[in-house]
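Computation of the quantities below employed the complete heavy-atom set of this structure, encompassing side-chain atoms and omitting hydrogens, waters and symmetry-equivalent molecules.
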Amino acid sequence: MKKLVVISLGYNTGQTIYHQLCNLFSSILDIEYYFLSSPPPHNFEADLIVYSSNAAYQKMHKLADNHPYIIARRSINYHEINKLFKLPRYTEALLVNDTKESAEETILLLQTLGIDHINLSPYYPEIKNYPKLTIAITPGEAEHVPPCVNKIIDIKTRLVDITSLIEILTYFNMLEKFAHILSAKYIQDIIKLIKTGNKLLTDSSRMKERFKTVINNVHDGLIAINKENKVSVFNPIAEKLFNKKALNVIGQPIEEILDNKLLETVNNPRKEGILKLPSYEILISETPLYAKNTDRGRLYVLKDVSEIRRLEESVRRRLYEEQNIARYNFADIIGNSPSLKKILSLAKKMAKTDATIFIQGESGTGKELLAQSIHNASSRRKGPFVAINFAALSETLLESELFGYEEGAFTGAKRGGSAGLFEIAHKGTLFLDEIGDAPLPFQVKLLRVLQEKQVRRVGGLKVIPIDVRIIVATNHNLKEDIKLKLFREDLYYRLNVLPLKIPALRERREDIMPLCYAFYKKYRPLSNDAKIYFKNIQPYLEAYNWQGNIRELQNVIEYLTSICPDDIPQSSDLPEDIKVQLFTDKSNTINLKEAIFLEIKRCNQNHEPVGRRSLANKFMLSENKIRDILLSLKIENKIMISPGKYGLKAIDLK
């Protein structure tokens, strides 16, 4: 189940939004909430973060930089504002909230809703000068009310607005599937408002005006009909959608003033459907005003489909923009081996230039992490970092992705066309991953763009200049590919300006355990005993060949923390691939010998006894086999053999 996390400044706000979202989405999302005095733990997991306000984002976003987020738009809790109608005209009151921004925003929302008979002054904890009034109005922040107040009117915490709820569903690709649930919950509130409004209408003309204000400020079109089938509510959004004035509609039978298609659209078990008008497509939902009794009146909620699509496009665009950010720096690269230090030193120097960097390394060595670090150390760090993997796309898609396309360039082309990744990466860095998988015909086009520093969109005539720093990466031996006519020689020399070769993990075994500790901390953030956890399997991890490099190592650590979450893993707990290579495959005697040497070294450092029998038990070998390996290590002058349980000594102890 996807995870949604609410982050707010105050406890009351976080709890209210949490309960609102649980009421709506608990069946489809795992929801948690945190606030300023109880922040989220380090490296917490979330598929989407909802910040309660811009102030909450400004103060707490550094705790969750790597997660996608939205800043919620919030509306007044309409069920509570009738408390304010009881106050006499020209009443002066403090509007109390937890931040200046929230207090001022709440005042503006109340004024928009027509609450203009009260003179409101903002109050928040940091304010120095404020009028010492005796009445305070607060949206669920009563703990911040100053001592001068003797009457508190709590209109309850502001709720997340419907547009933000749509953004949440859109982000999780659940809008279409769960829109009816959201509509139903939303409509329930509208029905309560209309019921309340109908009662107020009989009590006072002033209440009627307040009711109208609330209805007119709802984001969707609303049409209510009474038990005589006559229109009683026709708000401004409905006026716009149907191009009719409420004055000419209210009091008229709905069949006479609107096309029968409106009623036909909702004549189905779900009581909703899409109605096509000359200028709009409308999602219509019908619900009874009085429980399930449709004879006493119905409410139609009208949503502009184009607005829903606009919100979805906005969310997708923002998420796409967030993807074009380099999130890693050189400090994130773990390891102290001489070979890695040398590469990082070269990379930091290369980052200062604009020349093309050519990164070569086996799969899983961290080529993109290095590319992002170079970008963030360069003068282009404020520009976009755009990555594309040539192994993942066909030649046709590569051309439109990298160069963009004009409207009508091909079937399915988006209206208005689309910018390519070269354009999107303007003034930044373009990372071309797995360049060795680029199709030969496409290599010609890519070479031309790199030479000319300009692109022409697919189906277009206009030439667009680009200013992009290129970083390429491959796990191929491109010189061999050139001999096999799989890669163009001229493109190779265009790209191979500043070469960097990342060493394989087996070539820098000193970095294996620091990486293990880091991954262990990632999967077990509350544990502080990484060295103890790996004490029994360290020799095996250091001796294994790691053909998948750091990616494979990370997978193994995740595997171990899953099957041995609370126990120290033994050699028998290792994945089969490691056990086969170290203990079964005869071609890997060297690895086994290295593992035994490292175990002797470890025991010497920890002042633990080690002998032929304990090694035989640990490595699941016969004592004769262990004796042969020990003699081989002695001949190589790696160990000394003396009598006693401490008789085995590694010679090159550091």
Side-chain angles (χ1 to χ4, degrees), residues 61-62 65-66 68 318-362 364-390 401-404 419-436 438 446-455 464-475 478 491-503 508 511 518 550:
H61 75 278
K62 290 184 179 177
D65 265 347
N66 294 331
R318 187 170 71 193
L319 290 173
Y320 185 75
E321 289 170 355
E322 288 174 357
Q323 289 172 353
N324 297 329
I325 296 173
R327 294 181 171 83
Y328 297 104
N329 297 284
F330 284 114
D332 297 311
I333 299 176
I334 297 168
N336 290 303
S337 61
S339 58
L340 182 64
K341 284 183 176 180
K342 181 179 178 181
I343 287 297
L344 295 183
S345 175
L346 279 172
K348 289 173 184 177
K349 294 175 183 176
M350 293 176 181
K352 307 302 179 187
T353 76
D354 260 355
T356 300
I357 294 179
F358 183 91
I359 303 174
Q360 191 170 8
E362 294 182 8
T365 50
K367 297 185 287 296
E368 182 165 355
L369 187 139
L370 182 60
Q372 290 193 23
S373 302
I374 290 170
H375 170 81
N376 279 330
S378 73
S379 59
R380 295 174 178 265
R381 66 180 68 89
K382 293 182 179 178
F385 176 88
V386 182
I388 185 170
N389 190 312
F390 282 85
E401 280 287 311
L402 276 168
F403 306 149
L421 296 183
F422 270 103
E423 290 179 62
I424 294 171
H426 185 63
K427 296 296 182 182
T429 301
L430 182 60
F431 177 55
L432 307 178
D433 199 7
E434 305 297 356
I435 189 69
L446 179 61
L447 177 62
R448 182 171 182 82
V449 171
L450 296 177
Q451 288 173 335
E452 303 296 331
K453 298 189 183 300
Q454 56 188 23
V455 295
I464 304 168
I466 52 168
D467 177 12
V468 174
R469 202 267 180 83
I470 302 294
I471 301 178
V472 297
T474 184
N475 58 12
L478 291 189
L491 178 59
Y492 173 78
Y493 287 112
R494 168 64 62 178
L495 298 173
N496 191 25
V497 180
L498 299 177
L500 281 173
K501 185 171 183 180
I502 303 180
R508 50 183 183 106
D511 297 333
I550 298 170

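- A distance of 9.5 Å separates CZ of Arg381 from CG of Asn329, quoted to the nearest 0.5 Å.
- By the ring-ring contact (aromatic ring centres under 6.0 Å, His included) test, Phe358 is found to be paired with Tyr492, residues two or more places apart in sequence or in another chain being considered.
- Between Asn336 and Lys341 there is a side-chain heavy-atom pair separated by less than 4.5 Å.
- Between the CD atom of Gln360 and the CG atom of Asn475 there is a distance of 8.5 Å, given to the nearest 0.5 Å.
- The minimum heavy-atom distance linking Ile550 with Arg508 is given by the pair CD1-NH2, 3.1 Å.
- Looking at Met350 and Ile374, their side chains never come closer than 4.5 Å, going by heavy atoms from C-beta outward.
- Rounding to the nearest 0.5 Å gives a distance of 7.0 Å between CG of Leu450 and CZ of Arg494.
- One finds a salt bridge joining Asp354 and Arg380 here, because a Lys/Arg side-chain nitrogen approaches an Asp/Glu carboxylate oxygen to under 4.0 Å.
- For Glu423, the side chain to side chain donor-acceptor pair (under 3.5 Å) partners at least two apart in sequence or on another chain are Arg457.
- Residues meeting the ring-ring contact (aromatic ring centres under 6.0 Å, His included) test with His426, sequence neighbours left out: none.
- Expressed to the nearest 0.5 Å, how far CG of Leu498 lies from OG1 of Thr356 amounts to 7.5 Å.
- Inter-residue side-chain proximity for Val455 and Leu402 is flagged as unmet; no heavy-atom pair is nearer than 4.5 Å.
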